Structure formats: structure tokens, C-alpha cells
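The basis for the numbers below is simple: all heavy atoms, side chains too, and nothing from hydrogens, waters or symmetry mates. Quick note: residue numbers are just sequence positions, from 1. These figures come from a predicted structure and were not determined experimentally.
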Amino acid sequence: MRFQNVSLLSVGYILPPEMVTSEDIERRLSPVYDRLRLPQGRLEGMSGIRTRRLWRPGTRLSDVSAQSTSLAMEAAGISPDRVGCLIHASVCREYLEPATACRVHHLVGLPSNCWVYDVSNACLGLLNGAVQIAQLIEAGVIEAGVVVGTEDCRGLLETTLRQLLEDSSLSRQSIKPAFASLTIGSGSCAWLLGKRQSSESGARVFGAVAVARTEHHGLCQSDTDQAGTAMQPLMQTDSELLLEAGIDTGDQAFRALLEELNWDHGQLDATVCHQVGTAHRRRMLDRLGLSVEKDYFTFDRLGNTGSVALPTALGIAASEDFFRGKNRVALLGIGSGLNSVMIGIEGADRIRVGSRDGSS
């Protein structure tokens, strides 16, 4: 789909206060490593992830999402009464009902005629929400909208560590499905999209495509549907098959994006991939014929933060002037399921950013 009247005005993001290194995780797993004779440094060596962030225990998702939303609105100079849609789109949510978006809407003070709901689609939630808001803006239904999410990995990380330490039957082979759960991190991000007023109002959202390869839906899944910061989930991920299927899906989506937007490789100035790890990034960019130097990444210091990974990376890149002199940018999203959503934007250097680093 193509858009004529939509801009990504601003990004608001918050980085959690606690920092956990891959070395810290391996230190806790030393009994397992010793028994299986696994080399120290394996986690960072395979993933490229040095650190990830965690919220303090008891942190409420909606509180942080409201803060990210406010940061985005303040950065863009948009008042609450102009926001016609709020979508909360992270994997983590506070309750099965009501929608986490309801409390965020209340805390931010958005108007009563605002569309308010949750969207969930693994790591693609915020991109799906952004496309939905863009459609509402393009149709003239709303002037501006916010998609926001807050991911909290503490429950999954702690449960995975406990399960690995307690399972005496683990082998070098059977430990592999737990690897991806040790690479995740926490974070929060909001995107504010609005009606395009001029060439100076944010980045133009040029268009988007979606590809579904749902025959691969079983390659990465949680055990149960549990909500909120108290959840104690486990994930089973076939990382090797997921990598191959994800690259195939991404390749199909990228070719569809270029065709839909009538772009070619030579017109792309920068990319932001889904933030999973070293192997995924290298293999994906190589398959798509894209330059590593033109791609921005954050997984080395933030880990895989799920639905807020790519959106936060875009915000950090904009705040660091990575897009200066770069016009056309492709956002390359992939999520378990398997699904891919990719978005083309122009003028990313005009995105305004509001942020807070909890560790500072």
C-alpha cells in the first residue's frame, strides 16, 4: 500500500535502568556450562549481544508506555486533543482485558473520541499498529495517532534460567531451543504519526507491505497465553530453522516493498532491520544485497527487545544523526509466525526524538 498524506513525526523511547551482560547470564549458568562443557563467551559470541536492559521489579507496563507516549508528543509539539488513535502493541500486556491501551490513554489524557485498543503480533506489533494508524490518517479519519509498546523480559529470562539450572537431563542439543530466550531485553517505544503538513514535518511514510509465511508458525512460540509483568513464560525456538525461514520471508517482503514503492537498491540510503543478533543481520543484509555500513543496529547493547526493537533503533539512529544526508530508508520487520512487515520512509533525519535512559 502507498501513502500520500502520512508522516512519522516523532519517536519517544525509554531505556530501562538495570543492565545485564551476557557474561552475567553465563556466570549464573556456570553449573550447566561446566556439566555440558560449553565454553564461556558462547552467548555473546553467537548473538553479538553484550548487554540487555531490565525494568526494576514491579514496574508497570502502562506507566512506562504512557511516559514514552508523552515523550513522543512533546518532541513533536502535538497536544493530546489532536491524537485520534492510541494502539498498544507490545507482546507484553498487563491483563487479558481490558486493553493495556486503556490505562495508557487515561494516563496521557487523550480525548474520549480516540480509538483505543491493543494489537499483538510478536515482534511486528508496533509496525502493524503504525500501518493501521497510517491508514486512518490517509482516509481522513484522524489527524494523528500513537502506537506504543513496553516489553518486559524479566519473567522470561528468570524462568528460562531457573528451568535450565533445574533440568539435569539437558544436553548440548536440548539446550538449543532456550538460547533465544537468553538474548532478549526490555524497552519501551512510541511512534507518533500525523497528517503530512509540509516537507519539513517528520519523515514521509511512503508505503508498506506485508508477507505471511504461516507454515512456519511453530518455529518460535511461548507455552501459554499469560499477561503482564508477573508472567512466568517459557519460549521454545528452533533458532536455526527460524533463521533460514526468516531470511526467505524477509527476501520476499523486501522484493515486494521495492516493487510496491517503485524503488531500487540504488535509491536506498539506509536500513533498520529487526534487532535479533549478528547472524540474522549479516545473513539478511547479504541476501538482500544491502550494505552493512548503511544499516543501523542496537542489539549489541539492548538485546532483542521484541516489538519495540526496530522502532527504538529508528529513534536512537535519528537522535545520533545517523540519517543525516540519507533520504530513503527501509524498515525491515520480521516476526515469529512467520510474518514480515516492511515500511519505506523518506526524510528520516526530520524525525524528532524524545528519550530517557533509566541508567543515567
(message) Test side chain to side chain contact (heavy atoms under 4.5 Å, CB included) on Thr59 and Arg154; report intermediate values, then the result.
(response) CA-CA 11 Å; Thr59 298; Arg154 184 181 291 274; over 6 Å; no

(request) Please answer whether the main-chain N or O of Glu138 pairs with a side-chain N or O of Gln4 as donor and acceptor at a distance below 3.5 Å. (result) no

(message) Can a donor-acceptor pair be found, under 3.5 Å and without considering hydrogens, that links the side chain of Arg328 to the backbone of Gly266?
(response) no

(message) Is it the case that atom CZ in Arg37 sees more than 12 heavy atoms from other parts of the structure closer than 6.0 Å?
(response) no

(message) Between Phe323 and Val272, is there a side-chain heavy-atom distance shorter than 4.5 Å?
(response) yes

(message) I'd like to know if Arg28 and Asp24 make a salt bridge, using a cut-off of under 4.0 Å between side-chain N and carboxylate O.
(response) no

(request) Find the distance between CD1 (Ile334) and SG (Cys273) and round it off to the nearest 0.5 Å. (result) 7.0 Å

(message) With a 3.5 Å distance limit and no angle check, can you tell me whether Thr21 reaches the backbone of Arg50 through a side-chain donor-acceptor pair?
(response) no

(message) Do Leu157 and Leu182 make a side-chain contact, defined as non-hydrogen atoms from C-beta onward lying under 4.5 Å apart?
(response) yes

(message) Donor-acceptor check, side chain of Ser340 to backbone of Gly333, threshold 3.5 angstrom: yes or no?
(response) yes

(request) Could you check Ser47 against Thr183 for side chain to side chain donor-acceptor pair (under 3.5 Å), going step by step and ending with a plain yes or no? (result) CA-CA 7 Å; Ser47 68; Thr183 68; over 6 Å; no

(message) Less than 4.5 Å apart, side chain to side chain, heavy atoms only: is that true for Val353 and Tyr13?
(response) yes

(message) Take a 6.0 Å sphere around CH2 of Trp263 and say whether it holds more than 12 heavy atoms from other residues, nucleotides or ligands.
(response) yes

(message) Can you tell me if Glu23 has over 12 outside heavy atoms packed within less than 6.0 Å of its CD?
(response) no

(message) Quick one, Val146 and Val108 - any side-chain contact, counting heavy atoms below 4.5 Å?
(response) no

(request) Report the distance from atom CD of Gln197 to atom OG of Ser7, rounding to the nearest 0.5 Å. (result) 8.0 Å

(request) Would you check if the side chain of Glu151 reaches a backbone N or O of Gly185 as a donor-acceptor pair within less than 3.5 Å? (result) no

(request) State, with a plain yes or no, whether a side-chain heavy atom of Leu110 is found less than 4.5 Å away from one of Met73. (result) yes

(request) First locate atom CG of Asn327, then atom CG of Asp269, and finally report the distance between them rounded to the nearest 0.5 Å. (result) 6.0 Å

(request) Decide yes or no on side chain to side chain contact (heavy atoms under 4.5 Å, CB included) for Leu285 and Ser291, but give the supporting numbers first. (result) CA-CA 7 Å; Leu285 294 176; Ser291 167; over 6 Å; no

(request) Indicate yes or no for a side-chain donor-acceptor contact from Arg324 to the backbone of Asp349 under 3.5 Å, with no hydrogens or angles considered. (result) no

(request) Could you tell me whether the side chain of Gln275 and the main chain of Gly303 form a donor-acceptor pair under 3.5 Å? (result) no

(message) Less than 4.0 angstrom from a charged side-chain N to a carboxylate O is my criterion; do Glu94 and Arg60 meet it?
(response) yes

(message) Regarding Arg281 and Asp295, does a basic nitrogen lie under 4.0 Å from an acidic carboxylate oxygen?
(response) yes

(message) Rounded to the nearest 0.5 Å, what separates atom CG in Leu15 from atom CG in Asp357?
(response) 4.5 Å

(request) Check whether any side-chain N or O of Arg196 sits under 3.5 Å from a backbone N or O of Val6 as a donor-acceptor pair, and report yes or no. (result) no

(request) Taking the side chain as every heavy atom from C-beta outward, state whether Trp191 and Leu127 have any pair of such atoms under 4.5 Å apart. (result) yes

(message) I want to check something: taking the side chain as every heavy atom from C-beta on, are Val11 and Cys189 in contact at a cut-off of under 4.5 Å?
(response) yes

(message) Within this structure, what is the CG-CG distance for the pair Asn339 and Asn128, rounded to the nearest 0.5 Å?
(response) 7.5 Å

(request) Look at atom CG of Asn262 and say whether more than 12 heavy atoms of other residues, nucleotides or ligands are closer to it than 6.0 Å. (result) no

(message) Test side chain to side chain contact (heavy atoms under 4.5 Å, CB included) on Arg35 and Leu170; report intermediate values, then the result.
(response) CA-CA 9 Å; Arg35 183 170 63 81; Leu170 274 177; 3.6 Å; yes

(request) May I ask you to check whether Ser65 and Thr150 show a side-chain donor-acceptor distance below 3.5 Å? (result) yes

(message) Quick check on Glu320: does its CD atom have over 12 non-hydrogen neighbours (other residues, nucleotides or ligands) under 6.0 Å away?
(response) yes

(message) Measuring from atom CG of Asn304 to atom SG of Cys123, what distance do you get when rounded to the nearest 0.5 angstrom?
(response) 5.0 Å

(message) Please tell me whether Phe299 and His274 form a close aromatic pair, meaning their ring centres lie under 6.0 Å apart.
(response) no

(message) Strictly distance-based, threshold 3.5 Å: is any side-chain N or O of Asp118 a donor or acceptor partner for the main-chain N or O of Ala99?
(response) no

(request) State, with a plain yes or no, whether a side-chain heavy atom of Arg52 is found less than 4.5 Å away from one of Ser22. (result) yes

(request) Check the side chains of Tyr33 and Glu26 for a donor-acceptor pair under 3.5 angstrom, ignoring hydrogens and angles. (result) yes

(message) Let's go through Thr249 and Gln252 carefully: what are the C-alpha distance in whole Å and the side-chain angles of both, what is the deciding distance for side chain to side chain contact (heavy atoms under 4.5 Å, CB included) to 0.1 Å, and is it a yes or a no?
(response) CA-CA 5 Å; Thr249 304; Gln252 183 178 344; 5.8 Å; no

(request) Return yes if some donor-acceptor pair links the side-chain N/O of His88 with the main-chain N/O of Cys102 below 3.5 Å, else return no. (result) no

(message) If you count every heavy atom of other residues, nucleotides or ligands that lies below 6.0 Å from His106 atom NE2, does the total exceed 12?
(response) no

